[in-house]
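A short write-up of the structure that comes next.
Every value quoted in this text rests on a predicted model; they were computed, and no experiment measured them. Counting convention: from 1, in listed order, for ligands and their atoms alike. Along the sequence shown, residues carry numbers from 1.
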Amino acid sequence: MTVRHFLDLWKIDGADLRAILDEAHRRKAARAGWPTGRVDADAPLKDRVLAMVFEKNSTRTRFSFDAAIRQLGGSSIIANAGDMQLGRGEPIEDTARVLSRMVDAIMIRANRHDDVERLAQAATVPVVNGLTDKSHPCQIIADLLTIEERRGPVRGMTLAWVGDGNNVCASLIHASGRLGFRLRIACPADYHPDLMDLARSGDGDVSVTQDAALAVAGADAVFTDTWVSMGDTDHDARLAAFEPFCVDEELMARAAKDALFLHCLPAHRGEEVTDAVIDGPQSVVFDEAENRLHAQKAVLVWCFNGI
Ligand code: CP
Ligand code: NVA
């Protein structure tokens, strides 16, 4: 059987993405009210070990994957890449071969997307992309889960992305056609999503404009993210270019009544979003953060052919 890597949403067909979302909803509901440390009744990854490798900082990804593997009945080994020989130049392919002898799956947060692809090519166990410079697929599973909890299936919805056409935006683009939602993106011309990612929308209805009000008009949910991602060096140029793309109450008022506000976090209040929006009644950012755990569990179960 081929190894199921979770590298990018465009590499996974719509039926599997739907199954991952359904699994996340189901597992979350099945353990409502349980203590965090109790293992799910079916313990689907009992005795499995997940390695987690971080080349960049993380709070949500680190804690959610660690909690996820424990709730599925397994355990984790976590390392910062700088503490590994990887950080001293050991080839990523050799790292993949070694870890594949000791663990059952590898989650990696990497600086360069290509390194994750190389790791997966050399590994004999599933590899999960925990964010790269190009994409953040686990985040989008959690985000769609959050919208569906409040509003039902995303198929047919109109979602708006305001700000940087970055890694998180790319994964949202990849999901659009596969899960059947429209996506309206507003970003400055110099920070447009990659054309390759737009081509990977899976026949999605995706449009890009420089007019934030136009993108948000009537949308069911509004997303934004930091203007300066990890690894970006042009901080001052970005703050200047993104100034008209702050999600404030005036912009949210153009979306559908009761539209949801999403942000993967960490947020920079007063830059990409105002306090009134992120801390206001339409914001679901902390449900979204919690849902990283439930999303991660479904992704891991899928990697082990459990769904
Ligand atoms: N949203 C997200 O991936 O957060 P961390 O960087 O804290 O993992
Ligand atoms: N776009 C952000 C997401 C952080 C979770 C970054 O890459 O830094």
Counting neighbours of [atom1] on [X] that are heavy atoms of other residues, nucleotides or ligands and sit closer than 6.0 Å, is the number greater than 12?
{"X": "Glu243", "atom1": "CD", "value": "no"}
{"X": "Arg26", "atom1": "CZ", "value": "yes"}
{"X": "Glu250", "atom1": "CD", "value": "no"}
{"X": "Lys46", "atom1": "NZ", "value": "no"}
{"X": "Arg18", "atom1": "CZ", "value": "yes"}
{"X": "Arg101", "atom1": "CZ", "value": "no"}

What protein heavy atom is closest to [atom], reported as residue, atom name and distance in Å?
{"atom": "atom 4 (C) of ligand 2", "value": "Leu131 CD1, 3.9 Å"}
{"atom": "atom 7 (O) of ligand 1", "value": "Thr59 N, 2.7 Å"}
{"atom": "atom 4 (O) of ligand 1", "value": "Arg60 NE, 2.9 Å"}
{"atom": "atom 7 (O) of ligand 2", "value": "Asn167 ND2, 2.8 Å"}
{"atom": "atom 6 (O) of ligand 1", "value": "Arg109 NH1, 2.7 Å"}
{"atom": "atom 8 (O) of ligand 2", "value": "Met230 N, 2.8 Å"}
{"atom": "atom 3 (C) of ligand 2", "value": "Asp225 OD2, 3.6 Å"}

Could you point out which residue of Asp164, Asn166, Asp234 forms a side-chain hydrogen bond (donor to acceptor under 3.5 Å, both in side chains) with Tyr191?
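With Tyr191 as partner, side-chain hydrogen bond (donor to acceptor under 3.5 Å, both in side chains) holds for just one option, Asp234.
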Is the side chain of Asn291 donor-acceptor paired with the backbone N or O of Leu145 at a distance under 3.5 Å, no angle test?
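Judged by distance alone, no pair lies under 3.5 Å.
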Any donor-acceptor pair under 3.5 Å linking the side chain of Gln71 with the backbone of Thr36?
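Confirmed, Gln71 side chain pairs with Thr36 backbone.
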Check for me whether Lys56 has a heavy atom closer than 4.0 Å to any atom of ligand 1.
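Lys56 does not count as a contact of ligand 1 under the 4.0 Å cut-off.
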Heavy atom of Leu265 under 4.0 Å from ligand 1?
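Contact present.
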Do any nitrogen or oxygen atoms of [X] come within less than 3.5 Å of a nitrogen or oxygen of ligand 2?
{"X": "Pro266", "result": "no"}
{"X": "Ser229", "result": "yes"}
{"X": "Arg109", "result": "no"}

Between Gln121 and Arg118, do the side chains contain a donor N or O and an acceptor N or O under 3.5 Å apart?
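Result is no, nothing qualifies.
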Which ligand 2 atoms does Asn166 reach within 4.0 Å, using its non-hydrogen atoms?
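Near Asn166, meaning under 4.0 Å from one of its heavy atoms, ligand 2 has 1 (N).
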Check ligand 2 against Leu265 and write out every atom of the ligand that is under 4.0 Å from a heavy-atom position of the residue.
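Heavy-atom distances to Leu265 below 4.0 Å select 5 (C).
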What part of Thr61 sits under 4.0 Å from ligand 2 if we count only heavy atoms: the side chain, the backbone, both or neither?
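No part of Thr61 comes within reach of ligand 2.
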Assess whether a salt bridge exists between Asp232 and Arg238, defined as any Lys/Arg side-chain N lying under 4.0 Å from an Asp/Glu carboxylate O.
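Counted as a salt bridge, because a side-chain N and a carboxylate O are separated by less than 4.0 Å.
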Mind checking whether Arg62 has an N or O less than 3.5 Å away from an N or O of ligand 1?
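N/O-N/O distance below 3.5 Å does not exist for this pair.
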In terms of atom number and element, which parts of ligand 1 are under 4.0 angstrom from non-hydrogen atoms of Cys264?
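Once the distances to Cys264 are compared, the set is 1 (N).
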What atoms of ligand 1 come within less than 4.0 Å of a heavy atom belonging to His136?
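Once the distances to His136 are compared, the set is 2 (C), 3 (O).
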Contact partition for Arg292 relative to ligand 1, non-hydrogen atoms under 4.0 Å:
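Side chain only; the backbone of Arg292 stays clear of ligand 1.
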